[in-house]
Amino acid sequence: MSLVGKKFPNVTVDAMSEMGDDLRINILEEATANQQKVLLFWYPKDFTFVCPTELHAFQEALGEFEKRNTKVIGASCDTNEVHFAWLNVSKDNGGIEGVTYPLLADTHRQLANILGIVDQDFEYNEDGEETFTGSNVTYRATYLIDETGKIFHESVNDMPLGRNVKEYLRLIDAYTHVQKHGEVCPANWEEGKDAMKADRNSTAEYLAKN
């Protein structure tokens with residue numbers, strides 16, 4: 001079930017800073033109290049394969065997100081201690097040393113289960129006993145939250161598929177344009193390109209030009 005258009009769940013979760021500080025972060029409050037957008041991205045597991053490439057990619061683009069008044073937060077179901085251990089492994093050894101944004105440690109999967117992004121399923125055997133299947137870690141889910149706490153984008157990738165960080169910058173630009181100008185953004189819109197009014201004439205004019 002999609003959460004787009006709804007408020008982000010009001011849940012506080014443990015987190016780890018790059019300096020090794022134990023934090024408590026509420027994504028909804030991060031957006032509303034600080035009047036900023038939030039990009040929350042979930043990855044399956046620390047010390048894995050695709051995951052560090054994504055964490056470094058978001059770090060490399062961090063300045064661009066900050067220009068857009070957007071806070072980046074990573075998340076998995078690992079513990080704070082495992083996060084900190086990974087933060088102390090160099091990039092050329094598969095680690096995430098140099099990542100400076102906080103990482104949620106949703107070890108009880110409270111928030112991840114509310115979002116419905118955990119790879120888990122429950123079945124019953126011949127004796128009627130409940131059995132668990134699945135990896136019990138999260139898919140590569142991404143949420144963009146606005147200054148009111150509303151989710152304006154969500155996407156979920158299967159575990160082998162890394163994200164395109166530039167697409168989230170484009171989506172933030174498009175949503176900010178909508179907020180500022182009240183226009184709608186057509187397919188493949190990028191900053192500086194024509195947008196449209198939400199009416200038939202404007203659509204016709206746009207299609208005639210493009």
Side-chain angles (χ1 to χ4, degrees), residues 1-18 22-31 38-59 71-89 91 93-96 99 101-145 149-165 167-168 171:
M1 182 180 67
S2 175
L3 297 176
V4 170
K6 300 180 175 64
K7 293 282 187 181
F8 194 85
N10 186 11
V11 176
T12 302
V13 181
D14 288 336
M16 170 61 59
S17 77
E18 82 278 10
D22 291 324
L23 308 173
R24 296 278 288 166
I25 292 180
N26 183 305
I27 300 296
L28 180 63
E29 291 178 359
E30 286 289 330
V38 175
L39 183 149
L40 172 66
F41 74 97
W42 293 80
Y43 61 93
K45 210 171 185 181
D46 291 352
F47 291 97
T48 50
F49 318 112
V50 176
C51 298
T53 69
E54 292 192 309
L55 271 76
H56 285 296
F58 279 109
Q59 179 65 36
K71 182 164 187 174
V72 173
I73 299 175
S76 77
C77 298
D78 297 281
T79 65
N80 271 354
E81 291 78 12
V82 176
H83 282 336
F84 190 56
W86 205 24
L87 283 162
N88 281 282
V89 176
K91 183 178 180 180
N93 281 317
I96 58 167
V99 166
Y101 48 82
L103 302 176
L104 296 188
D106 189 21
T107 55
H108 297 294
R109 292 158 176 77
Q110 180 185 10
L111 179 55
N113 277 319
I114 291 172
L115 296 171
I117 57 172
V118 181
D119 174 29
Q120 59 181 205
D121 199 7
F122 296 93
E123 300 175 354
Y124 292 90
N125 61 24
E126 294 178 354
D127 297 324
E129 298 170 331
E130 190 176 64
T131 60
F132 171 81
T133 61
S135 66
N136 205 31
V137 298
T138 66
Y139 295 104
R140 298 186 192 282
T142 313
Y143 298 88
L144 293 175
I145 301 108
K150 185 181 81 172
I151 299 168
F152 66 91
H153 169 83
E154 66 176 342
S155 59
V156 183
N157 290 6
D158 201 356
M159 295 173 194
L161 306 176
R163 282 162 277 218
N164 183 337
V165 173
E167 173 63 4
Y168 301 109
L171 288 166

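Residue numbers run from 1 in the order of the sequence given.
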Is the backbone N or O of [Y] less than 3.5 Å from a side-chain atom of [X], with the two atoms forming a donor-acceptor pair by type?
| X | Y | answer |
| --- | --- | --- |
| E54 | Y43 | no |
| N80 | A15 | yes |
| H83 | E18 | no |
| R109 | N136 | yes |

Any [X] side-chain heavy atom under 4.5 Å of [Y] side chain:
| X | Y | result |
| --- | --- | --- |
| P102 | I73 | yes |
| M159 | S135 | yes |
| V156 | R140 | no |
| V13 | Q110 | no |
| I96 | L103 | yes |

### Query
Got a sec, which residues hit ring pair (Phe, Tyr, Trp, His ring centres under 6.0 Å) with Y139, two or more places apart in sequence or on another chain?
none
### Message
So, using ring pair (Phe, Tyr, Trp, His ring centres under 6.0 Å) as the criterion, who are the partners of F49 when residues are at least two apart?
### Response
none
Nearest atoms (heavy-atom pairs only) where [X] meets [Y]:
| X | Y | value |
| --- | --- | --- |
| T53 | V50 | OG1-O, 2.5 Å |
| L87 | V99 | CD2-O, 3.7 Å |
| A112 | T138 | CB-CG2, 3.8 Å |
| G149 | L28 | CA-CD1, 3.5 Å |
| A57 | V165 | CB-CG2, 3.7 Å |
| P44 | C51 | CD-SG, 3.4 Å |

### Message
For F8 and Y143, take the angle between the two ring planes, folded into 0 to 90°, and tell me which bin it lands in: parallel under 30, tilted 30 to 60, perpendicular over 60.
### Response
perpendicular
### Message
Angle between ring planes, F47 versus W86, binned at 30° and 60°: parallel, tilted or perpendicular?
### Response
tilted
### Query
Can the ring centres of F41 and Y101 be said to be less than 6.0 Å apart?
yes
Spacing of [atom1] belonging to [X] relative to [atom2] belonging to [Y], to within rounding of 0.5 Å:
| X | Y | atom1 | atom2 | answer |
| --- | --- | --- | --- | --- |
| L3 | I151 | CG | CD1 | 4.5 Å |
| K71 | E30 | NZ | CD | 4.0 Å |
| N93 | N88 | CG | CG | 12.5 Å |
| E29 | N10 | CD | CG | 6.0 Å |
| L40 | L115 | CG | CG | 7.5 Å |
| L144 | L39 | CG | CG | 5.0 Å |

### Query
What residue pairs, at least two apart or across chains, pass salt bridge (Lys or Arg N to Asp or Glu O under 4.0 Å) with a residue in residues 3-16?
D14-R24
### Task
Evaluate whether atom CD of E167 has more than 12 neighbouring non-hydrogen atoms of other residues, nucleotides or ligands under 6.0 angstrom away.
yes
### Full working for side chain to side chain contact (heavy atoms under 4.5 Å, CB included) between N113 and Q120
CA-CA 10 Å; N113 277 319; Q120 59 181 205; 2.9 Å; yes
### Evaluation steps, side chain to side chain contact (heavy atoms under 4.5 Å, CB included), between M16 and D22
CA-CA 5 Å; M16 170 61 59; D22 291 324; 3.3 Å; yes
### Message
Walk me through whether V137 and C77 qualify under side chain to side chain contact (heavy atoms under 4.5 Å, CB included).
### Response
CA-CA 7 Å; V137 298; C77 298; 5.5 Å; no
